[in-house]
Asks: 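I have a structure I would like to understand better, so I am pasting it below and will then ask my questions one at a time.
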Protein chains: 2
Amino acid sequence: MARMSPQQRREAIVAATVAVMERRGIAATTVRDVAAELGTSSGLIHHYVDSMDDLLAKAFAQAAGDDFERTRAAVESGADPIERLTLFFATYAPAEDDIGMQLWLDGWAEAARRPALQKTSRHLNVQWHALLAGIIRDGVAMGVMWCDDVDGAAWRILSLLDGLTLQVVAHGAVLSMAQVDAWSRAGAERELGLAPGALAGDGVGMTRDRAYP
Amino acid sequence: MARMSPQQRREAIVAATVAVMERRGIAATTVRDVAAELGTSSGLIHHYVDSMDDLLAKAFAQAAGDDFERTRAAVESGADPIERLTLFFATYAPAEDDIGMQLWLDGWAEAARRPALQKTSRHLNVQWHALLAGIIRDGVAMGVMWCDDVDGAAWRILSLLDGLTLQVVAHGAVLSMAQVDAWSRAGAERELGLAPGALAGDGVGMTRDRAYP
DNA sequence: AACCCTATTGCGCGGTTGTCCAATAGCCCT
DNA sequence: AGGGCTATTGGACAACCGCGCAATAGGGTT
(Lines give C-alpha, C1' and ligand atoms only; values in the text may rest on other atoms or scores of the structure.)
Protein backbone atom coordinates (compact mmCIF):
# COMPACT_ATOMS: atom_id res chain seq x y z
CA MET A 1 0.00 0.00 0.00
CA ALA A 2 1.06 3.55 -0.67
CA ARG A 3 3.02 5.17 2.11
CA MET A 4 1.01 7.78 3.97
CA SER A 5 1.83 10.45 6.51
CA PRO A 6 1.09 9.33 10.07
CA GLN A 7 -1.70 11.91 10.37
CA GLN A 8 -3.42 10.78 7.16
CA ARG A 9 -3.00 7.12 8.04
CA ARG A 10 -4.44 7.64 11.50
CA GLU A 11 -7.54 9.28 10.05
CA ALA A 12 -7.87 6.58 7.41
CA ILE A 13 -7.73 3.86 10.07
CA VAL A 14 -10.42 5.51 12.19
CA ALA A 15 -12.61 6.08 9.12
CA ALA A 16 -12.25 2.45 8.05
CA THR A 17 -13.07 1.31 11.58
CA VAL A 18 -16.25 3.38 11.55
CA ALA A 19 -17.27 1.79 8.26
CA VAL A 20 -16.70 -1.74 9.57
CA MET A 21 -18.42 -0.96 12.88
CA GLU A 22 -21.51 0.24 11.07
CA ARG A 23 -21.60 -2.92 8.98
CA ARG A 24 -20.69 -5.62 11.51
CA GLY A 25 -21.40 -4.00 14.87
CA ILE A 26 -18.96 -2.74 17.46
CA ALA A 27 -18.32 -6.01 19.27
CA ALA A 28 -17.80 -7.96 16.05
CA THR A 29 -15.28 -5.56 14.53
CA THR A 30 -11.83 -7.13 14.27
CA VAL A 31 -8.39 -5.83 13.44
CA ARG A 32 -8.30 -7.93 10.30
CA ASP A 33 -11.64 -6.50 9.14
CA VAL A 34 -10.34 -2.96 9.47
CA ALA A 35 -7.12 -3.86 7.65
CA ALA A 36 -9.08 -5.45 4.80
CA GLU A 37 -11.38 -2.39 4.63
CA LEU A 38 -8.48 -0.10 3.73
CA GLY A 39 -6.44 -2.74 1.90
CA THR A 40 -3.45 -2.95 4.21
CA SER A 41 -1.94 -5.51 6.54
CA SER A 42 -3.21 -6.11 10.05
CA GLY A 43 0.14 -5.30 11.58
CA LEU A 44 -0.12 -1.71 10.41
CA ILE A 45 -3.13 -1.10 12.64
CA HIS A 46 -1.17 -1.90 15.77
CA HIS A 47 1.62 0.36 14.63
CA TYR A 48 -0.73 3.31 15.14
CA VAL A 49 -3.11 2.03 17.81
CA ASP A 50 -2.27 0.79 21.29
CA SER A 51 -5.13 -1.67 21.57
CA MET A 52 -8.34 -2.70 19.86
CA ASP A 53 -10.41 -1.20 22.68
CA ASP A 54 -8.77 2.17 22.08
CA LEU A 55 -9.50 1.99 18.40
CA LEU A 56 -13.16 1.13 18.91
CA ALA A 57 -13.55 3.95 21.42
CA LYS A 58 -11.87 6.44 19.05
CA ALA A 59 -13.99 5.36 16.10
CA PHE A 60 -17.21 5.54 18.09
CA ALA A 61 -16.29 9.01 19.36
CA GLN A 62 -15.62 10.12 15.80
CA ALA A 63 -18.88 8.83 14.32
CA ALA A 64 -21.06 9.93 17.21
CA GLY A 65 -19.34 13.30 17.46
CA ASP A 66 -19.93 13.95 13.76
CA ASP A 67 -23.63 13.25 14.21
CA PHE A 68 -23.84 15.74 17.03
CA GLU A 69 -21.86 18.45 15.28
CA ARG A 70 -24.09 18.24 12.23
CA THR A 71 -27.23 18.78 14.28
CA ARG A 72 -25.60 21.49 16.38
CA ALA A 73 -24.57 23.43 13.26
CA ALA A 74 -28.07 23.17 11.83
CA VAL A 75 -29.69 24.28 15.08
CA GLU A 76 -27.44 27.34 15.33
CA SER A 77 -28.63 28.48 11.93
CA GLY A 78 -32.18 28.87 13.26
CA ALA A 79 -33.49 32.38 13.87
CA ASP A 80 -35.71 31.73 16.91
CA PRO A 81 -36.27 28.90 19.43
CA ILE A 82 -39.23 27.41 17.55
CA GLU A 83 -37.25 27.27 14.33
CA ARG A 84 -34.20 25.90 16.11
CA LEU A 85 -36.25 23.15 17.72
CA THR A 86 -37.80 22.30 14.36
CA LEU A 87 -34.32 22.07 12.86
CA PHE A 88 -33.31 19.83 15.75
CA PHE A 89 -35.96 17.28 14.79
CA ALA A 90 -35.37 17.71 11.06
CA THR A 91 -31.65 16.94 11.25
CA TYR A 92 -31.84 14.29 13.96
CA ALA A 93 -34.32 11.98 12.29
CA PRO A 94 -33.14 11.53 8.69
CA ALA A 95 -29.49 11.10 9.66
CA GLU A 96 -30.25 8.06 11.75
CA ASP A 97 -31.33 6.40 8.57
CA ASP A 98 -30.67 2.87 9.68
CA ILE A 99 -27.02 2.51 10.10
CA GLY A 100 -26.16 5.51 12.22
CA MET A 101 -28.62 4.72 14.97
CA GLN A 102 -27.54 1.10 15.02
CA LEU A 103 -24.12 2.36 16.04
CA TRP A 104 -25.62 4.28 18.95
CA LEU A 105 -27.53 1.20 20.00
CA ASP A 106 -24.35 -0.86 19.93
CA GLY A 107 -22.56 1.86 21.84
CA TRP A 108 -25.17 1.95 24.59
CA ALA A 109 -25.09 -1.81 24.98
CA GLU A 110 -21.29 -1.96 24.99
CA ALA A 111 -20.94 1.05 27.30
CA ALA A 112 -21.58 -1.07 30.38
CA ARG A 113 -18.60 -3.27 29.53
CA ARG A 114 -16.11 -0.86 27.94
CA PRO A 115 -15.24 2.06 30.26
CA ALA A 116 -13.56 4.15 27.55
CA LEU A 117 -16.60 3.83 25.35
CA GLN A 118 -18.99 4.64 28.17
CA LYS A 119 -17.15 7.87 28.90
CA THR A 120 -17.51 9.23 25.37
CA SER A 121 -21.09 8.00 25.09
CA ARG A 122 -22.06 9.70 28.33
CA HIS A 123 -20.28 12.91 27.39
CA LEU A 124 -21.96 13.07 23.99
CA ASN A 125 -25.37 12.44 25.51
CA VAL A 126 -24.93 15.24 28.02
CA GLN A 127 -24.06 17.51 25.09
CA TRP A 128 -27.23 16.50 23.27
CA HIS A 129 -29.19 17.30 26.41
CA ALA A 130 -27.47 20.67 26.83
CA LEU A 131 -28.19 21.61 23.22
CA LEU A 132 -31.88 20.82 23.61
CA ALA A 133 -32.19 22.40 27.07
CA GLY A 134 -30.60 25.59 25.73
CA ILE A 135 -33.24 25.90 23.02
CA ILE A 136 -36.05 25.35 25.52
CA ARG A 137 -34.59 27.82 28.01
CA ASP A 138 -34.45 30.49 25.32
CA GLY A 139 -38.00 29.68 24.25
CA VAL A 140 -39.31 29.99 27.80
CA ALA A 141 -37.44 33.25 28.34
CA MET A 142 -38.86 34.68 25.12
CA GLY A 143 -42.36 33.60 26.03
CA VAL A 144 -42.87 31.25 23.07
CA MET A 145 -42.59 28.01 25.08
CA TRP A 146 -43.99 27.10 28.48
CA CYS A 147 -42.26 24.65 30.79
CA ASP A 148 -41.71 24.35 34.56
CA ASP A 149 -38.80 21.93 34.43
CA VAL A 150 -36.48 22.64 31.51
CA ASP A 151 -33.88 19.97 32.26
CA GLY A 152 -36.51 17.30 32.81
CA ALA A 153 -38.36 18.26 29.64
CA ALA A 154 -35.14 18.06 27.63
CA TRP A 155 -34.40 14.60 28.97
CA ARG A 156 -37.95 13.47 28.24
CA ILE A 157 -37.94 14.79 24.68
CA LEU A 158 -34.52 13.29 24.00
CA SER A 159 -35.41 9.94 25.54
CA LEU A 160 -38.69 9.79 23.65
CA LEU A 161 -36.79 10.35 20.43
CA ASP A 162 -34.22 7.71 21.33
CA GLY A 163 -36.85 5.22 22.45
CA LEU A 164 -38.96 5.60 19.32
CA THR A 165 -35.96 5.43 16.99
CA LEU A 166 -34.83 2.34 18.83
CA GLN A 167 -38.06 0.63 17.84
CA VAL A 168 -37.40 1.29 14.17
CA VAL A 169 -33.77 0.21 14.23
CA ALA A 170 -34.22 -2.90 16.34
CA HIS A 171 -37.59 -4.09 15.08
CA GLY A 172 -37.88 -2.86 11.54
CA ALA A 173 -41.44 -2.77 10.32
CA VAL A 174 -43.24 -2.24 13.63
CA LEU A 175 -42.98 1.55 13.39
CA SER A 176 -42.11 3.75 10.42
CA MET A 177 -39.60 6.57 10.46
CA ALA A 178 -42.40 8.98 9.54
CA GLN A 179 -44.35 7.98 12.65
CA VAL A 180 -41.28 8.36 14.83
CA ASP A 181 -40.73 11.84 13.43
CA ALA A 182 -44.35 12.93 13.84
CA TRP A 183 -44.80 11.41 17.30
CA SER A 184 -41.58 12.79 18.75
CA ARG A 185 -42.51 16.27 17.51
CA ALA A 186 -46.01 15.84 18.94
CA GLY A 187 -44.53 14.82 22.27
CA ALA A 188 -42.33 17.91 22.34
CA GLU A 189 -45.25 20.17 21.42
CA ARG A 190 -47.29 18.77 24.29
CA GLU A 191 -44.33 19.01 26.66
CA LEU A 192 -43.69 22.68 25.85
CA GLY A 193 -47.27 23.92 25.61
CA LEU A 194 -47.14 24.42 21.84
CA ALA A 195 -50.02 24.07 19.42
CA PRO A 196 -50.15 20.79 17.48
CA GLY A 197 -48.15 21.24 14.28
CA ALA A 198 -46.05 24.07 15.66
CA LEU A 199 -42.89 22.02 15.09
CA ALA A 200 -43.82 20.59 11.68
CA GLY A 201 -41.67 21.01 8.56
CA ASP A 202 -37.94 21.08 7.95
CA GLY A 203 -37.35 24.47 9.57
CA VAL A 204 -35.80 25.97 6.45
CA GLY A 205 -36.93 29.52 5.79
CA MET A 206 -39.43 29.19 8.60
CA THR A 207 -40.61 32.28 10.45
CA ARG A 208 -42.98 32.55 13.36
CA ASP A 209 -45.50 34.74 11.58
CA ARG A 210 -45.38 32.96 8.25
CA ALA A 211 -48.84 32.36 6.85
CA TYR A 212 -49.53 28.70 6.06
CA PRO A 213 -50.67 28.26 2.44
CA MET B 1 -23.28 -34.78 36.86
CA ALA B 2 -26.52 -36.44 37.81
CA ARG B 3 -28.56 -37.75 34.96
CA MET B 4 -31.64 -35.64 34.26
CA SER B 5 -34.72 -36.06 32.13
CA PRO B 6 -34.41 -34.27 28.80
CA GLN B 7 -37.15 -31.85 29.81
CA GLN B 8 -35.47 -30.91 33.08
CA ARG B 9 -32.08 -30.63 31.45
CA ARG B 10 -33.39 -28.41 28.70
CA GLU B 11 -34.87 -26.01 31.25
CA ALA B 12 -31.68 -26.06 33.33
CA ILE B 13 -29.59 -25.19 30.29
CA VAL B 14 -31.80 -22.26 29.35
CA ALA B 15 -31.84 -21.01 32.96
CA ALA B 16 -28.06 -21.22 33.19
CA THR B 17 -27.74 -19.38 29.88
CA VAL B 18 -29.94 -16.58 31.18
CA ALA B 19 -27.76 -16.28 34.27
CA VAL B 20 -24.57 -16.05 32.22
CA MET B 21 -26.12 -13.64 29.73
CA GLU B 22 -27.12 -11.28 32.51
CA ARG B 23 -23.59 -11.35 33.90
CA ARG B 24 -21.48 -11.25 30.75
CA GLY B 25 -23.83 -9.90 28.09
CA ILE B 26 -25.42 -11.72 25.17
CA ALA B 27 -22.56 -11.48 22.70
CA ALA B 28 -19.94 -12.56 25.25
CA THR B 29 -21.79 -15.67 26.44
CA THR B 30 -19.93 -18.86 25.45
CA VAL B 31 -20.83 -22.53 25.51
CA ARG B 32 -18.14 -23.20 28.11
CA ASP B 33 -19.50 -20.47 30.37
CA VAL B 34 -22.95 -22.04 30.31
CA ALA B 35 -21.52 -25.50 30.98
CA ALA B 36 -19.52 -24.20 33.92
CA GLU B 37 -22.57 -22.40 35.28
CA LEU B 38 -24.47 -25.66 35.73
CA GLY B 39 -21.37 -27.78 36.40
CA THR B 40 -21.49 -30.05 33.36
CA SER B 41 -19.37 -30.57 30.29
CA SER B 42 -19.58 -28.37 27.23
CA GLY B 43 -20.47 -31.26 24.98
CA LEU B 44 -23.75 -31.73 26.80
CA ILE B 45 -25.03 -28.36 25.67
CA HIS B 46 -24.82 -29.32 22.00
CA HIS B 47 -26.59 -32.58 22.74
CA TYR B 48 -29.71 -30.50 23.45
CA VAL B 49 -29.16 -27.40 21.36
CA ASP B 50 -28.60 -27.15 17.62
CA SER B 51 -26.41 -24.06 17.72
CA MET B 52 -25.27 -21.30 20.01
CA ASP B 53 -27.49 -18.80 18.20
CA ASP B 54 -30.52 -20.92 18.97
CA LEU B 55 -29.60 -21.12 22.62
CA LEU B 56 -29.10 -17.37 22.95
CA ALA B 57 -32.42 -16.70 21.25
CA LYS B 58 -34.23 -19.18 23.50
CA ALA B 59 -32.65 -17.77 26.65
CA PHE B 60 -33.47 -14.21 25.67
CA ALA B 61 -37.07 -15.17 24.96
CA GLN B 62 -37.30 -16.82 28.37
CA ALA B 63 -35.87 -13.89 30.34
CA ALA B 64 -37.74 -11.21 28.43
CA GLY B 65 -40.96 -13.21 28.48
CA ASP B 66 -40.75 -13.59 32.25
CA ASP B 67 -40.36 -9.84 32.64
CA PHE B 68 -43.48 -9.24 30.59
CA GLU B 69 -45.56 -11.87 32.34
CA ARG B 70 -44.75 -10.41 35.73
CA THR B 71 -45.93 -6.96 34.72
CA ARG B 72 -48.98 -8.36 32.94
CA ALA B 73 -50.04 -10.30 36.04
CA ALA B 74 -49.60 -7.22 38.22
CA VAL B 75 -51.58 -5.02 35.83
CA GLU B 76 -54.47 -7.49 35.71
CA SER B 77 -54.82 -7.27 39.48
CA GLY B 78 -55.70 -3.56 39.20
CA ALA B 79 -59.32 -2.57 39.73
CA ASP B 80 -59.58 0.36 37.30
CA PRO B 81 -57.49 1.82 34.44
CA ILE B 82 -55.75 4.42 36.63
CA GLU B 83 -54.71 1.76 39.13
CA ARG B 84 -53.65 -0.61 36.36
CA LEU B 85 -51.49 2.07 34.75
CA THR B 86 -49.93 2.88 38.13
CA LEU B 87 -49.15 -0.80 38.59
CA PHE B 88 -47.64 -0.84 35.12
CA PHE B 89 -45.07 1.78 36.11
CA ALA B 90 -44.53 0.29 39.58
CA THR B 91 -43.64 -3.17 38.27
CA TYR B 92 -41.76 -2.04 35.18
CA ALA B 93 -39.21 0.21 36.87
CA PRO B 94 -37.86 -1.72 39.85
CA ALA B 95 -37.47 -4.96 37.91
CA GLU B 96 -35.07 -3.33 35.49
CA ASP B 97 -32.73 -2.84 38.40
CA ASP B 98 -29.57 -2.82 36.40
CA ILE B 99 -29.11 -6.22 35.05
CA GLY B 100 -32.51 -6.89 33.51
CA MET B 101 -32.55 -3.79 31.37
CA GLN B 102 -28.98 -4.41 30.24
CA LEU B 103 -30.27 -7.64 28.74
CA TRP B 104 -32.92 -5.74 26.77
CA LEU B 105 -30.29 -3.30 25.58
CA ASP B 106 -28.10 -6.16 24.41
CA GLY B 107 -31.09 -7.76 22.76
CA TRP B 108 -32.00 -4.62 20.84
CA ALA B 109 -28.44 -4.17 19.62
CA GLU B 110 -28.09 -7.82 18.62
CA ALA B 111 -31.54 -7.96 17.02
CA ALA B 112 -30.30 -6.38 13.80
CA ARG B 113 -27.78 -9.18 13.33
CA ARG B 114 -29.56 -12.23 14.77
CA PRO B 115 -32.88 -12.88 12.99
CA ALA B 116 -34.16 -15.36 15.57
CA LEU B 117 -33.52 -12.89 18.34
CA GLN B 118 -35.12 -10.04 16.44
CA LYS B 119 -38.32 -12.02 16.00
CA THR B 120 -38.82 -12.65 19.70
CA SER B 121 -37.77 -9.11 20.61
CA ARG B 122 -40.25 -7.63 18.17
CA HIS B 123 -43.03 -9.94 19.31
CA LEU B 124 -42.46 -9.10 22.98
CA ASN B 125 -42.43 -5.39 22.28
CA VAL B 126 -45.71 -5.57 20.42
CA GLN B 127 -47.16 -7.34 23.45
CA TRP B 128 -45.90 -4.57 25.76
CA HIS B 129 -47.58 -2.05 23.48
CA ALA B 130 -50.82 -4.00 23.40
CA LEU B 131 -50.90 -4.25 27.19
CA LEU B 132 -50.44 -0.51 27.58
CA ALA B 133 -52.83 0.40 24.76
CA GLY B 134 -55.51 -1.80 26.34
CA ILE B 135 -55.28 0.07 29.61
CA ILE B 136 -55.52 3.43 27.86
CA ARG B 137 -58.44 2.32 25.68
CA ASP B 138 -60.36 1.25 28.79
CA GLY B 139 -59.52 4.51 30.52
CA VAL B 140 -60.76 6.58 27.58
CA ALA B 141 -63.96 4.52 27.32
CA MET B 142 -64.64 4.97 31.04
CA GLY B 143 -64.00 8.68 30.84
CA VAL B 144 -61.02 8.77 33.22
CA MET B 145 -58.38 9.36 30.53
CA TRP B 146 -58.41 11.60 27.47
CA CYS B 147 -56.50 10.74 24.33
CA ASP B 148 -57.11 11.11 20.57
CA ASP B 149 -54.55 8.58 19.41
CA VAL B 150 -54.42 5.57 21.73
CA ASP B 151 -51.85 3.54 19.77
CA GLY B 152 -49.55 6.51 19.33
CA ALA B 153 -49.83 7.46 23.00
CA ALA B 154 -48.96 3.90 24.03
CA TRP B 155 -45.87 3.90 21.79
CA ARG B 156 -44.82 7.29 23.13
CA ILE B 157 -45.22 6.29 26.79
CA LEU B 158 -43.41 3.01 26.21
CA SER B 159 -40.60 4.62 24.23
CA LEU B 160 -40.17 7.37 26.80
CA LEU B 161 -39.82 4.73 29.49
CA ASP B 162 -37.33 2.75 27.40
CA GLY B 163 -35.35 5.84 26.44
CA LEU B 164 -35.06 7.12 29.99
CA THR B 165 -34.16 3.71 31.40
CA LEU B 166 -31.54 3.40 28.69
CA GLN B 167 -29.83 6.50 30.03
CA VAL B 168 -29.54 4.96 33.47
CA VAL B 169 -28.30 1.58 32.28
CA ALA B 170 -25.82 2.88 29.71
CA HIS B 171 -24.56 5.99 31.45
CA GLY B 172 -24.90 5.34 35.14
CA ALA B 173 -24.88 8.50 37.19
CA VAL B 174 -26.33 10.91 34.62
CA LEU B 175 -29.91 10.15 35.63
CA SER B 176 -31.25 8.38 38.72
CA MET B 177 -33.85 5.62 38.69
CA ALA B 178 -36.12 7.82 40.82
CA GLN B 179 -36.03 10.53 38.16
CA VAL B 180 -36.77 8.01 35.43
CA ASP B 181 -39.75 6.74 37.39
CA ALA B 182 -41.11 10.22 38.17
CA TRP B 183 -40.54 11.61 34.67
CA SER B 184 -42.04 8.68 32.83
CA ARG B 185 -45.17 8.87 35.00
CA ALA B 186 -45.30 12.64 34.47
CA GLY B 187 -45.04 12.11 30.72
CA ALA B 188 -47.92 9.65 30.80
CA GLU B 189 -50.06 11.98 32.91
CA ARG B 190 -49.52 14.78 30.42
CA GLU B 191 -50.16 12.45 27.49
CA LEU B 192 -53.48 11.21 28.90
CA GLY B 193 -54.82 14.45 30.33
CA LEU B 194 -54.38 13.39 33.95
CA ALA B 195 -53.61 15.66 36.88
CA PRO B 196 -49.97 15.71 38.00
CA GLY B 197 -49.47 12.99 40.62
CA ALA B 198 -52.45 10.95 39.41
CA LEU B 199 -50.13 7.99 38.68
CA ALA B 200 -47.96 8.26 41.81
CA GLY B 201 -47.46 5.41 44.27
CA ASP B 202 -47.16 1.65 43.92
CA GLY B 203 -50.80 1.06 43.02
CA VAL B 204 -51.40 -1.35 45.88
CA GLY B 205 -54.74 -0.81 47.61
CA MET B 206 -55.24 2.30 45.51
CA THR B 207 -58.74 3.55 44.80
CA ARG B 208 -59.83 6.47 42.72
CA ASP B 209 -61.64 8.25 45.53
CA ARG B 210 -59.11 7.56 48.24
CA ALA B 211 -58.32 10.63 50.31
CA TYR B 212 -54.65 11.50 50.42
CA PRO B 213 -53.35 11.79 54.00
C1' DA C 1 23.33 8.92 -5.78
C1' DA C 2 23.88 7.06 -1.36
C1' DC C 3 21.59 7.01 3.04
C1' DC C 4 18.75 6.85 6.88
C1' DC C 5 14.34 6.95 8.96
C1' DT C 6 10.11 4.76 9.36
C1' DA C 7 5.76 3.23 7.16
C1' DT C 8 4.45 -1.24 5.88
C1' DT C 9 4.52 -6.20 5.42
C1' DG C 10 3.71 -11.08 6.49
C1' DC C 11 3.82 -14.39 9.63
C1' DG C 12 3.88 -16.64 14.10
C1' DC C 13 2.46 -16.94 18.91
C1' DG C 14 -0.79 -18.14 22.73
C1' DG C 15 -5.45 -18.17 23.66
C1' DT C 16 -10.47 -18.72 22.81
C1' DT C 17 -14.33 -19.85 20.10
C1' DG C 18 -18.30 -23.21 18.18
C1' DT C 19 -18.81 -27.79 16.84
C1' DC C 20 -18.25 -32.63 16.68
C1' DC C 21 -17.43 -37.47 18.18
C1' DA C 22 -15.93 -41.84 20.24
C1' DA C 23 -16.02 -43.53 24.87
C1' DT C 24 -18.23 -43.86 29.33
C1' DA C 25 -21.78 -44.35 32.73
C1' DG C 26 -26.39 -44.23 34.76
C1' DC C 27 -31.28 -45.53 34.65
C1' DC C 28 -35.35 -48.25 33.13
C1' DC C 29 -37.32 -52.51 31.48
C1' DT C 30 -37.62 -57.40 31.17
C1' DA D 1 -29.45 -59.66 37.40
C1' DG D 2 -28.52 -58.42 33.02
C1' DG D 3 -28.98 -55.78 28.79
C1' DG D 4 -30.10 -51.85 26.00
C1' DC D 5 -31.04 -47.06 25.46
C1' DT D 6 -29.20 -42.57 26.01
C1' DA D 7 -27.54 -38.84 29.06
C1' DT D 8 -22.99 -37.36 29.82
C1' DT D 9 -18.06 -36.92 29.38
C1' DG D 10 -13.69 -34.90 27.85
C1' DG D 11 -10.88 -33.90 24.42
C1' DA D 12 -9.76 -33.02 19.39
C1' DC D 13 -10.46 -29.98 15.58
C1' DA D 14 -10.30 -25.99 12.56
C1' DA D 15 -11.05 -21.27 12.54
C1' DC D 16 -10.54 -17.03 14.51
C1' DC D 17 -8.96 -13.52 17.86
C1' DG D 18 -5.48 -9.52 19.57
C1' DC D 19 -0.85 -8.73 19.54
C1' DG D 20 4.26 -8.52 18.62
C1' DC D 21 8.35 -8.83 15.80
C1' DA D 22 12.00 -9.32 12.25
C1' DA D 23 12.27 -8.14 7.50
C1' DT D 24 11.17 -5.09 3.68
C1' DA D 25 10.43 -1.01 1.00
C1' DG D 26 9.50 3.77 0.01
C1' DG D 27 10.55 8.71 0.28
C1' DG D 28 12.80 12.97 1.94
C1' DT D 29 17.48 14.71 3.07
C1' DT D 30 22.21 15.48 2.29
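Remember, it's a predicted structure, so these values are computed and weren't measured experimentally. Just so we're on the same page: letters track the sequence lines, and every chain starts at 1.
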Asks: Hey, is A:R70 close enough to A:D66 for a salt bridge, meaning N to O under 4.0 Å?
Replies: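 Judged by the 4.0 Å cut-off on N to carboxylate O distance, A:R70 and A:D66 do not form a salt bridge.
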Asks: Please state whether the phosphate of C:dT6, meaning OP1 or OP2, lies under 4.0 angstrom from any side-chain nitrogen or oxygen of A:R9.
Replies: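 Checking A:R9 against C:dT6: no side-chain N or O falls below 4.0 Å of OP1 or OP2.
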Asks: Side chains of A:F88 and A:L131: does their closest heavy-atom pair fall under 4.5 Å?
Replies: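 With C-beta onward as the side chain, the pair touches.
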Asks: From CG of A:L55 over to P of D:dC17, roughly how many Å is that when rounded to an integer?
Replies: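 So the CG-P distance, A:L55 to D:dC17, works out to 14 Å.
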Asks: Just by distance, do the side chain of B:E110 and the backbone of B:A27 share a donor-acceptor pair under 3.5 Å?
Replies: no
Asks: For the side chain of A:S41, counting heavy atoms from C-beta on, which of C:dA7, D:dA7, C:dG10 is nearest?
Replies: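 The answer is C:dG10.
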Asks: Do the non-hydrogen side-chain atoms of B:T120 and B:H123 ever get within less than 4.5 Å of each other?
Replies: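 No, too far: nothing below the 4.5 Å cut-off.
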Asks: Could you go over nucleotides 27-29 of chain C and give all protein N or O partners under 3.5 Å, atom names and distances?
Replies:
none

Asks: Using the salt bridge (Lys or Arg N to Asp or Glu O under 4.0 Å) rule, take A:D33 and A:R23 through it: C-alpha gap first, then chi angles, then the decisive distance, then the call.
Replies: CA-CA 11 Å; A:D33 284 340; A:R23 197 178 330 127; over 6 Å; no
Asks: So which protein N/O to nucleotides 19-23 of chain D N/O distances come out below 3.5 Å?
Replies:
from: D:dC19; atom 1: OP2; to: A:H46; atom 2: NE2; distance (Å): 3.0
from: D:dC19; atom 1: OP2; to: A:M52; atom 2: N; distance (Å): 2.8

Asks: Check the distance between D:dA25's C1' and A:M4's CE and give it to me in whole angstrom.
Replies: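 Taking CE of A:M4 and C1' of D:dA25, I get 16 Å after rounding.
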Asks: Got a salt bridge between A:R137 and A:D151, using NZ or NE/NH1/NH2 to carboxylate O under 4.0 Å?
Replies: yes
Asks: When you measure from the side chain of A:T30, which nucleotide among D:dG18, C:dT9, C:dT17 comes out closest?
Replies: D:dG18
Asks: Determine, for A:R72 against A:E76, whether the closest basic-nitrogen to carboxylate-oxygen distance falls under 4.0 angstrom.
Replies: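 Between A:E76 and A:R72 there is a salt bridge, with a charged N closer than 4.0 Å to a carboxylate O.
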Asks: When the distance from CG of B:L44 to P of C:dC20 is rounded to whole Å, what number comes out?
Replies: 15 Å
Asks: Would you kindly give the OH-to-P distance between B:Y48 and D:dT6, to the nearest whole Å?
Replies: 11 Å
Asks: A:H47 NE2 to C:dG10 P: how many Å, rounded?
Replies: 16 Å
Asks: Rounded off to whole Å, could you give me the CD-to-C1' distance for the B:Q8 and D:dT6 pair?
Replies: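 Atom-to-atom, B:Q8 to D:dT6, this comes out as 16 Å.
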Asks: Any non-hydrogen side-chain atom of B:L85 less than 4.5 Å from a side-chain atom of B:M145?
Replies: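 Yes; the side chains approach each other to less than 4.5 Å.
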Asks: Counting C-beta onward and ignoring hydrogens, is there a side-chain heavy-atom pair between B:L55 and B:T29 closer than 4.5 Å?
Replies: no
